[in-house]
Amino acid sequence: MQFLKLPRLLMPHMRRIHLHSQPLPSESTYRIGGIDDAVALIHRMVDMHPLPSIVEFTKILGMIVKMKYYATAINLYTLMEYKGVVPFTVTFNILINCFCHMGRMDFAFSVMGKIIKWGCQPNVVTFTTLMKGLCVNDKMLDALHIYNEMVARRILFDDVLYGTLINGLCKSKMGNTRAAIQLLQKMEGQLVKPNLVMYNTIVHCLCKDGHINEARVLCSKMIVQGIFPDIFTFSSLIYGLCRAGQRKEVRSLLNGYCLNNRVDEARELFNLMIERGEQHDIIIYNILMNGYCLNNKVGEAKKLFHRMIERGEQPDIITYTILMHGYCLIDRVDEARKLFHGMIETGLVPDVWSYNILIKGYCKIERVDEAMNVLEHMFLTNLVPNIITYNSLVDGLCKSGGISDACKLVDEMHYCGQPPPDVTTYNILLESLCRIEHVDKAIAFFKHLIFERSFAPNVWSYNILISGCCKNRRLDEAMNLFNQMCFKNLVPDIVTYNILLDALCNGQQLDKAIALLKYQIVDQGISPNLRTYNILINGLHKSGRPKTARKISQYLFIRGYHPDVQTYLINELCKGYH
DNA sequence: ATAGGGTTAG
């Protein structure tokens, strides 16, 4: 792995900068140790007579950008221009890159005007930089427009431009991986050929989205073309196989785990890699171990853990956290704790994340006192808990019946605020109030929060209260809350509608439920989920209307919504949840 | 040689 880690060690500040063109009287080489050195150097250079060449200035600006000091780079450029340094295209490209990273696409575009003003020509790099900026700032349509603009200006595309575009397509909110694949296919007969970066980009996206089979097809294609998978390709595939079949919403409902049998395929791939002597590293071990943990095979994960140590790989903090999480998922928190101490013994310093896993674990098995002890331990080591730490504790306190302690903790957060409570903190309390105490108390507390603590409720907050009202058969109040949330421009989601549908079905108002489904859910473009299906069909069957149930099934089916065997199974598992 | 694409895990 030395090979891969090397570039990371070669940080910009380790480089030496040579001012061959205009040496200073005393020395011709500067050591740039950090951002301060770079800034100081530019300040000295702008006052030299004659001025050093623009190439030297641009080199240093480039280093500053690599250190991610975008605003600094821009300020220094302004100083340079003021002192009479004449920029060229490369300098402008750096500026555009800075503005893109700062999310200021308006300024990035204004640099284009500057380029023309200074008599320079934008080149393929200029456009690639702009395109990347538009992609990451979620303006994919404008990015495609850049592409057309380049065609009009007859600027030749190169592999980096295509790589940028492919990545943009894959990651855009439209999730257009298919378009990216099409673009790749179109390139095959062209001058610029698809390369490893482009394939890896698409394979990674396909795997993340769970389209593991398509990713494999693409891998075969790249091999046929003589492009061989590297460590990134393998890690994407292994990650994809570990997560295959795991639906995010279900995973969260089932407290993080959901079974699939493709982890074994992931392991086969891993073994294949090792047999072939491919490069592999700690990250691949971590991905696979996490796959085992999420699929209820902590034992396998632990075996892998020992194996990696035998092979001379040093587990890192993430390795330990993954294993700890695995044990917490099956409620073996003491095992997680042992690992935690083992980690400290090897000289690793636990971070907030690893503490949070332990705290969450103790809360889940209702040993909140020990969770609080862990919090104390965090304070002792001068680690600052984050909002997840506190929210886990608040939830734990609520679930073990200590709602008043939970309120106390939230008050502390509110008054001494490091960190202050967020909307999730309050939602946890509201949910608990609805469940344990009374919905009236929850609503009163809700109002208090809005007026006294300028609480900004979200859709989830309303869902909690609406559900609370419905469970107490107070449909009118539920509808009032529903209207209130719409009035606040909060858009009800499928969870909101499922709550209402459930209430209508329970209140024998099935025709209203059907109208809600047709005119407020489907017509508004909201996708019904499995739960929606189940609520309605069950409701209709219970009311002795099997014909209507079939009609509704058909209605949903022809619109592309249909449950399969697995979804029914999941529905059964998730009963009682919305 | 100064500018632009994929950095995967909790």
Side-chain angles (χ1 to χ4, degrees), chain A residues 4-5 7-8 12 15 17-18 20-21 53-66 73 87-98 100-101 111 122-133 135-136 146 157-171 180 192 194-205 207-208 230-240 242-243 256 280-291 293-294 301 315-326 328-329 343 350-357 360 388:
Chain A
L4 270 170
K5 280 181 183 156
R8 287 184 195 166
R15 285 193 222 145
I17 176 126
H18 300 271
H20 293 301
S21 48
S53 96
I54 179 62
V55 175
E56 303 305 336
F57 279 107
T58 306
K59 277 182 194 171
I60 302 169
L61 280 185
M63 288 183 186
I64 293 171
V65 169
K66 285 225 167 76
F88 74 130
T89 304
V90 177
T91 326
F92 291 121
N93 289 346
I94 291 177
L95 281 184
I96 292 177
N97 194 19
C98 289
C100 289
H101 276 283
V111 177
N123 59 18
V124 64
V125 179
T126 318
F127 285 106
T128 309
T129 313
L130 272 173
M131 191 186 276
K132 164 99 189 287
C135 290
V136 300
I146 294 272
F157 305 151
D158 65 5
D159 49 349
V160 181
L161 180 101
Y162 277 112
T164 310
L165 192 56
I166 285 171
N167 189 42
L169 286 168
C170 288
K171 302 251 168 81
V192 183
N195 63 22
L196 182 61
V197 172
M198 299 174 202
Y199 274 107
N200 275 352
T201 306
I202 302 180
V203 167
H204 176 243
C205 284
C207 290
K208 276 237 147 140
D230 68 353
I231 191 157
F232 290 107
T233 330
F234 278 113
S235 61
S236 295
L237 285 171
I238 291 175
Y239 178 86
C242 286
R243 300 289 179 130
H280 61 280
D281 66 2
I282 188 164
I283 295 177
I284 301 244
Y285 275 105
N286 287 350
I287 294 173
L288 190 56
M289 280 172 56
N290 195 40
C293 288
L294 292 179
D316 65 3
I317 186 153
I318 298 176
T319 318
Y320 277 100
T321 316
I322 286 168
L323 264 185
M324 284 167 58
H325 183 227
C328 287
L329 281 175
M343 171 172 76
D351 61 3
V352 179
W353 203 319
S354 51
Y355 272 103
N356 284 353
I357 294 282
K360 227 179 170 167
I388 295 171

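Reminder, nothing fancy here: chain letters follow the sequence lines and each chain counts from 1. Computation of the quantities below employed the complete heavy-atom set of this structure, encompassing side-chain atoms and omitting hydrogens, waters and symmetry-equivalent molecules.
As a whole-Å value, the separation of A:F157 CZ from B:dG4 C1' is 15 Å. Whole-Å rounding puts the A:I54 CD1 to B:dA1 C1' distance at 14 Å. Rounded to whole Å, the distance from OH on A:Y239 to C1' on B:dA9 is 8 Å. In this structure, A:I94 atom CD1 and B:dA1 atom C1' are separated by 12 Å, rounded to whole Å. For the pair A:R243 CZ and B:dA9 C1', the computed distance is 9 Å after rounding to whole Å. Between the NZ atom of A:K132 and the P atom of B:dG6 there is a distance of 5 Å, rounded to whole Å. Between the P atom of B:dG6 and the CG atom of A:L237 lies a distance of 19 Å, rounded to the nearest Å. Following rounding to the nearest Å, A:Y162 (OH) and B:dG4 (P) show an atom-to-atom distance of 21 Å.
Looking only at atom types and distance, the side chain of A:T128 has no donor-acceptor partner in the side chain of A:T164 under 3.5 Å away. Side-chain atoms of A:T233 and A:N200 include a donor-acceptor pair closer than 3.5 Å. A side-chain donor from one of A:N93 and A:T126 sits under 3.5 Å from a side-chain acceptor of the other.
OP1 and OP2 of B:dG10 both lie 4.0 Å or more from every side-chain N or O belonging to A:K360. Put simply, A:N290 has a side-chain N or O that comes within less than 4.0 Å of OP1 or OP2 on B:dG10. Proximity of A:K66 to the phosphate of B:dA3: a side-chain N or O atom is located under 4.0 Å from OP1 or OP2. The shortest distance between the side-chain N/O atoms of A:N97 and the OP1/OP2 oxygens of B:dA3 is not below 4.0 Å. For B:dT7, the OP1/OP2 oxygens have a side-chain nitrogen or oxygen of A:H204 closer than 4.0 Å.
Looking at A:D158, its side chain comes within 3.5 Å of the base of B:dG4 through a donor and an acceptor atom. With hydrogens and angles left out, the side chain of A:D159 and the base of B:dG6 share no donor-acceptor pair within 3.5 Å.
Contacts of A:F57 with the nucleic acid, taken as non-hydrogen atoms under 4.0 Å apart, are absent. In this structure, A:S236 reaches neither bases nor backbone, as no heavy-atom distance under 4.0 Å exists between it and the strands shown. In this structure, A:V124 reaches the bases: a heavy-atom distance under 4.0 Å links it to at least one base atom across the strands shown. Residue contacts for A:T201: at a heavy-atom cut-off of 4.0 Å it reaches the sugar-phosphate backbone alone, with no base atom in range. Within 4.0 Å (heavy atoms only), A:T164 reaches sugar-phosphate atoms of the nucleic acid but no base atom. Residue A:M131 is out of contact with every strand shown, counting any heavy-atom pair closer than 4.0 Å. Residue contacts for A:N356: at a heavy-atom cut-off of 4.0 Å it reaches no nucleic acid atom on any strand shown.
At a threshold of 4.5 Å between non-hydrogen side-chain atoms, the residues A:M198 and A:Y162 count as touching. Between A:M343 and A:P350, some side-chain heavy-atom pair lies under the 4.5 Å cut-off.
Minimum atom distance to the side chain of A:V197 is reached by B:dG5, of the listed B:dT7, B:dG5, B:dG10. For A:N167, the listed nucleotide lying nearest its side chain is B:dG6; candidates were B:dA9, B:dG6, B:dG10. Comparing B:dT2, B:dG6, B:dG4 by their nearest atom to the side chain of A:L161 picks out B:dG4. Considering only side-chain atoms of A:N93, the nucleotide from B:dA3, B:dT8, B:dG10 that sits closest is B:dA3. Looking at the side chain of A:K208, the nearest of the listed nucleotides B:dT8, B:dG4, B:dG6 is B:dT8. Picking from B:dT2, B:dA9, B:dG4 the nucleotide with the shortest atom distance to the side chain of A:V125 gives B:dG4. Taking every side-chain heavy atom of A:D351 into account, B:dG10 is the closest of B:dG10, B:dT7, B:dG5.
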Only distances under 3.5 Å count here; give the side-chain donor-acceptor pairs of residues 282-290 of chain A to other protein atoms, sequence neighbours excluded, each with its distance to 0.1 Å.
unit_1: A:N286; atom_1: OD1; unit_2: A:T319; atom_2: OG1; d: 2.8
unit_1: A:N286; atom_1: ND2; unit_2: A:D316; atom_2: OD1; d: 3.4

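With its ring centre under 5.5 Å from that of the base six-membered ring and a plane angle below 30°, A:W353 counts as stacked on B:dG10.
No more than 12 heavy-atom neighbours from other residues, nucleotides or ligands sit within 6.0 angstrom of CD1 on A:I388.
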